[in-house]
Chemist: 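The structure under discussion is supplied below as structure tokens; questions concerning it will follow.
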Amino acid sequence: MAQTKFDKQVEETAESLVFGIGRFLAGRPMDGVKRTDATFWRSGTRVLPKVEGRVSRSSYRAGWRRLTFRISALAAASTGGYQAGWVHQDATVATAQQIWADPDPAIAALEQTGVAAASTAAVGTAAYLALTRKRRELMREWVLPLHEALALPLRLPEQTDPRRYLHIPRNFSEDDAVIRVDVPGRLDFSKDLVVDIITTKLALQGVTFSWHLAGRETYVTVKKTRKPPAKAAFKDPKVREIVAAAKESAPVIGIGSAGRIVSVDLDAESPHILVNASTGGGKSVTLRCIACQMLHHGSRVFVLDTKRISHPWAHGIDGVTYCRDIADIHDQLIALGMEGRRRTRVADELGIDADPKAIGPRLLILLEEVNATMKQLARYWEKTRESGDPKVSPAVDALNEILYMGRQLRMHVLLVAQSATARALGGPEVREQFSTRILARYSVNAWRMLAPEVHPAPKSTKHHGRAQVVSGGSARETQILFFTEAEAREWATTGKKAAAADGTAPVQLHKPPADSLSDTRPTGTGELPPTHEPSASRNRAADAHNLPPASAAAPDELAAHATPPAAPPAPAVVDDDQAVGLREAAEHHLHGITLAALRFARANDSTFPSPAGKRGAELLYRVGDLKKWARNRPRAATGTTDLD
């Protein structure tokens, strides 16, 4: 039998009623159209794609909230109707009869009630407008413009309510305010673009962005950073107390935000530190801050400075070896590499339970301007190497050895660069040895190269002494501790002397003997193959480094030198080992230095070499020691000068 039209209507009505009851109990929209990403337990944050028309606020509510509201409203309506129908039935009939008989009192009461209701509504509306004025201003001036700018990059539908994903407090410009922006979980947007839009549209300065992209809820929080102090001078009594209380292995670098102390533990966190800054960025100030604290606790410091004038405060201090000449820097790095291997053997003999201080005092190596120093070391080795020698400078190999094994051996490198590229340091694996990096006045490329794990990159500043200390995947804005040269020298010389834990004399690192210069290249077994380099050729190259170029000689002198000598000259090593008086040294060995200058240096320069013997009443000095002192004595810089 064919179904009639009435039967179809009854069936459709019953089906709609069943679906309506199901939607009612499930807390879903009654029309069956899902407009937002809200679920039964979670509120919605954005409109679904392809949704047209206006989206009400109730569409963003969680299903359980809508169900609770519906049941409460239905119960209230049912209860009110039941009471009104039974309790007030007789009173309603009597009141209606009375009003019909005499309507004037009822009209007067109605007028008074209407006036009171209108007044109450007006007062309530005025109060509501007054209380929500700041919120409406926030929506009009900040939230809606930000929503219009973010809708396209985040690919949000036009019907999205900005209040559902932009959580901006009214005091968002204050220091303790937190801004939260819910972002789509598909992550098909540019984080840099979102950061720029939020910063620009909300006129934010000095903020940090924290991205939370794992799991179901994806959002970014924006917090205002508390700036470090404008200055952190050592002369401040509070700062001096902080430095005095610091551990021997953890020198204070500076003061961070909210007065937090920024330091690095050379034993537990990072054995080596990289300082990257452009000219005037405070590189020498940073090294001076760390080095004087290490000297105060008894460490040995080796300053390898091709600029010659970076650390005048350290000249002549006990425990400081200052190398300014590239030949001496080369030899000192080789000697430090040999010391590292010696400490390795000592640590192996002592065992795992031995006191780390038993292998010797802590050694700190300040390598200034690595970009220029590494090139000069390579050129120096090209001039001095002979057939059969390795192509790579043994000094560079020794530096790499120290970087790979410095933590256990209490040997630490503070490396300074204007651009710490992998090529300048000897490869990307060498750069990875610096887990603590201090960046100041950096470029975007420098940040991406040295701290790619920190995103977005904080804006560089020209504030004097301000730097970013990157360690453990986070960057801390820091005001570097400032020591004047006099304060640094005073603090370095008032601590304990560099000595071993058992009270023995401090370790002495001299220029390695000629025989040991062959042991300079590391192998897979940890030993160094010989380089087959005669000591005489190396000393001749070092002497030639200080002589004027051949083009400056007169033609007669060139002709004289063109004639082969009658007898071979004495080996340079014998010349350097002989003991001479100051007059003979000034006349025959130290060209350009007068006898008066030598006598003045002997009386006033603490780095002047000690006498090697005596001839009557005259003191004798080793020629090699005098030459080394002459090469490394303080004088004008030979290259670019960074007066920071």
Side-chain angles (χ1 to χ4, degrees), residues 249-254 262-291 293-294 301-307 310-311 329 333 336 363-375 377 396 398-407 411-454 457-458 460 465-478 480-481 642 644:
S249 63
V252 178
I253 298 176
V262 179
S263 63
V264 56
D265 196 321
L266 299 176
D267 289 338
E269 298 176 1
S270 173
H272 312 297
I273 300 175
L274 170 64
V275 181
N276 187 95
S278 60
T279 301
K283 300 186 293 293
S284 297
V285 171
T286 304
L287 265 66
R288 183 167 68 209
C289 163
I290 298 175
Q293 295 182 65
M294 301 295 288
V301 174
F302 297 85
V303 183
L304 311 182
D305 179 21
T306 56
K307 292 195 309 181
S310 298
H311 302 280
I329 292 175
L333 283 173
L336 287 167
L363 304 183
L364 188 66
I365 305 167
L366 272 61
L367 186 57
E368 278 278 359
E369 296 300 342
V370 69
N371 300 85
T373 303
M374 300 297 277
K375 293 180 181 178
L377 285 172
V396 176
L399 176 62
N400 292 341
E401 278 189 78
I402 297 170
L403 290 174
Y404 286 119
M405 63 183 181
R407 183 192 300 272
M411 300 177 69
H412 313 285
V413 177
L414 268 66
L415 188 143
V416 177
Q418 290 193 10
S419 180
T421 61
R423 181 179 179 183
L425 300 181
E429 66 279 359
V430 177
R431 191 170 59 192
E432 291 302 317
Q433 302 305 313
F434 298 93
S435 56
T436 296
R437 304 166 184 182
I438 303 176
L439 292 86
R441 296 194 181 182
Y442 47 84
S443 63
V444 176
N445 291 334
W447 186 271
R448 292 174 178 173
M449 176 177 60
L450 296 176
E453 69 275 15
V454 180
S460 180
R466 190 63 55 85
Q468 296 285 346
V469 179
V470 181
S471 180
S474 62
R476 293 172 290 178
E477 188 175 9
T478 305
I480 301 297
L481 221 60
D642 183 6
D644 51 1

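If you read the sequence from its start, that first residue is 1, and numbering goes on from there.
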Chemist: Only counting residues at least two apart or in another chain, list the ones meeting salt bridge (Lys or Arg N to Asp or Glu O under 4.0 Å) with Glu432.
Modeler: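 With sequence neighbours excluded, Glu432 shows a salt bridge (Lys or Arg N to Asp or Glu O under 4.0 Å) to Arg437, given in chain and number order.
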Chemist: Look at the side chain of Asn371 and the backbone N and O of Gln418, then say whether any donor-acceptor pair between them is shorter than 3.5 Å.
Modeler: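 Indeed, once roles are kept as given, a pair shorter than 3.5 Å links the two residues.
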Chemist: Are Glu453 and Val470 packed together at the side-chain level, in the sense that at least one heavy-atom pair is separated by less than 4.5 angstrom?
Modeler: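 A side-chain contact under 4.5 Å exists here.
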Chemist: Hey, does Leu367 have a side-chain heavy atom less than 4.5 Å from the side chain of Leu399?
Modeler: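 Yes. Closest side-chain heavy atoms under 4.5 Å.
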Chemist: Can you give me the closest heavy-atom contact between Pro251 and Ser263, atom names plus distance?
Modeler: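 Scanning both residues completely, I find the closest heavy atoms to be O-CB, 3.3 Å.
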Chemist: List the residues meeting side-chain contact (heavy atoms from CB on, under 4.5 Å) with Ala440, not counting sequence neighbours, and say none if there are none.
Modeler: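 For Ala440 the side-chain contact (heavy atoms from CB on, under 4.5 Å) partners, ignoring immediate neighbours, are Ala277, Ala467.
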Chemist: Side chains of Val413 and Gln433: closer than 4.5 Å at any heavy-atom pair?
Modeler: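 In short, these two side chains do not touch, never coming nearer than 4.5 Å.
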Chemist: Under the ring pair (Phe, Tyr, Trp, His ring centres under 6.0 Å) test, which residues partner Tyr442, sequence neighbours left out?
Modeler: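 Testing Tyr442 for ring pair (Phe, Tyr, Trp, His ring centres under 6.0 Å), a comparison that skips the adjacent residues, returns Trp447.
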Chemist: Can you list every salt bridge (charged side-chain N to carboxylate O under 4.0 Å, His left out) pair that touches residues 266-278, not counting sequence neighbours?
Modeler: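 Sorted result for residues 266-278: Asp267-Arg362.
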Chemist: I need the minimum non-hydrogen distance between Ala446 and Leu439, along with the two atoms involved.
Modeler: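 So the minimum-distance heavy-atom pair works out to O-CD2, 4.2 Å.
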Chemist: Could you check Leu287, Val370, Ile438 and say which one makes a side-chain contact (heavy atoms from CB on, under 4.5 Å) with Val416?
Modeler: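 That would be Leu287.
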Chemist: Nearest 0.5 Å please: distance from the CG atom of Leu450 over to the CG atom of Asn276.
Modeler: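 Going from the CG atom of Leu450 to the CG atom of Asn276 covers 5.0 Å.
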Chemist: With rounding to the nearest 0.5 Å, note down the distance linking CD1 in Ile402 to CE in Met411.
Modeler: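 These two atoms lie 4.0 Å from each other.
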Chemist: Starting at CZ of Arg466, measure out to OG of Ser460 and round the result to the nearest 0.5 Å.
Modeler: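 It is 11.5 Å, given to the nearest 0.5 Å.
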Chemist: Got a sec, which residues hit side chain to side chain donor-acceptor pair (under 3.5 Å) with Ser474, two or more places apart in sequence or on another chain?
Modeler: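 Testing Ser474 for side chain to side chain donor-acceptor pair (under 3.5 Å), a comparison that skips the adjacent residues, returns none.
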Chemist: Please identify which of these residues, Ile273, Ile253, Val264, meets the side-chain contact (heavy atoms from CB on, under 4.5 Å) condition with Val469.
Modeler: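 For Val469, the side-chain contact (heavy atoms from CB on, under 4.5 Å) test succeeds with only one of Ile273, Ile253, Val264, which is Ile253.
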Chemist: With sequence neighbours left out, what residues match Thr421 under side-chain contact (heavy atoms from CB on, under 4.5 Å)?
Modeler: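 Ser419, Arg423, Ala424, Met449.
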Chemist: For Leu366 and Asp305, what are the C-alpha separation, side-chain angles and deciding distance, and is it a side chain to side chain contact (heavy atoms under 4.5 Å, CB included)?
Modeler: CA-CA 8 Å; Leu366 272 61; Asp305 179 21; over 6 Å; no
Chemist: I need the Leu403 CG to His412 NE2 distance, nearest 0.5 Å.
Modeler: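 Those atoms lie 12.0 Å apart.
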Chemist: Decide yes or no on side chain to side chain contact (heavy atoms under 4.5 Å, CB included) for Gln468 and Val454, but give the supporting numbers first.
Modeler: CA-CA 11 Å; Gln468 296 285 346; Val454 180; over 6 Å; no
Chemist: With the side chain counted from C-beta on, respond yes when Lys283 and Ser310 share a heavy-atom pair under 4.5 Å apart, and no when they do not.
Modeler: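 Not touching, per the 4.5 Å side-chain cut-off.
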Chemist: Is a side-chain N or O of Gln293 found less than 3.5 angstrom from the main chain of Val252, in a donor-acceptor match?
Modeler: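 Yes: the side chain of Gln293 pairs with the backbone of Val252.
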Chemist: I'd like to check the salt bridge (Lys or Arg N to Asp or Glu O under 4.0 Å) partners of Arg441; sequence neighbours left out, ordered by chain and number.
Modeler: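 Here no residue qualifies.
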Chemist: How long is the straight-line distance from CD1 of Ile480 back to CD1 of Ile290, given to the nearest 0.5 Å?
Modeler: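 The distance works out to 7.5 Å.
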Chemist: Which pairs count as ring pair (Phe, Tyr, Trp, His ring centres under 6.0 Å) when at least one residue sits in residues 422-441, sequence neighbours excluded?
Modeler: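 Counting only pairs at least two positions apart or across chains, no ring pair (Phe, Tyr, Trp, His ring centres under 6.0 Å) contact touches residues 422-441.
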Chemist: Kindly compute the distance separating CG (Leu363) from CG (Leu336), expressed to the nearest 0.5 Å.
Modeler: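 Interatomic distance, Leu363 CG to Leu336 CG, rounded to 0.5 Å: 7.0 Å.
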Chemist: State, yes or no, whether a side-chain contact exists between Pro458 and Glu477 at a heavy-atom distance under 4.5 Å.
Modeler: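 SC-SC contact between Pro458 and Glu477 ruled out.
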Chemist: Please list, chain by chain and in numerical order, all residues satisfying side chain to side chain donor-acceptor pair (under 3.5 Å) with Ser471, sequence neighbours excluded.
Modeler: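 Counting only residues at least two positions away or on another chain, Ser471 forms no side chain to side chain donor-acceptor pair (under 3.5 Å).
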Chemist: For the backbone of Glu368 and the side chain of Thr373, can you confirm whether one donor and one acceptor N or O come within less than 3.5 Å of each other?
Modeler: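 At least one qualifying donor-acceptor pair exists.
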Chemist: Measuring only between side-chain heavy atoms, which start at C-beta, is Leu377 closer than 4.5 Å to Leu333?
Modeler: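 A side-chain contact under 4.5 Å exists here.
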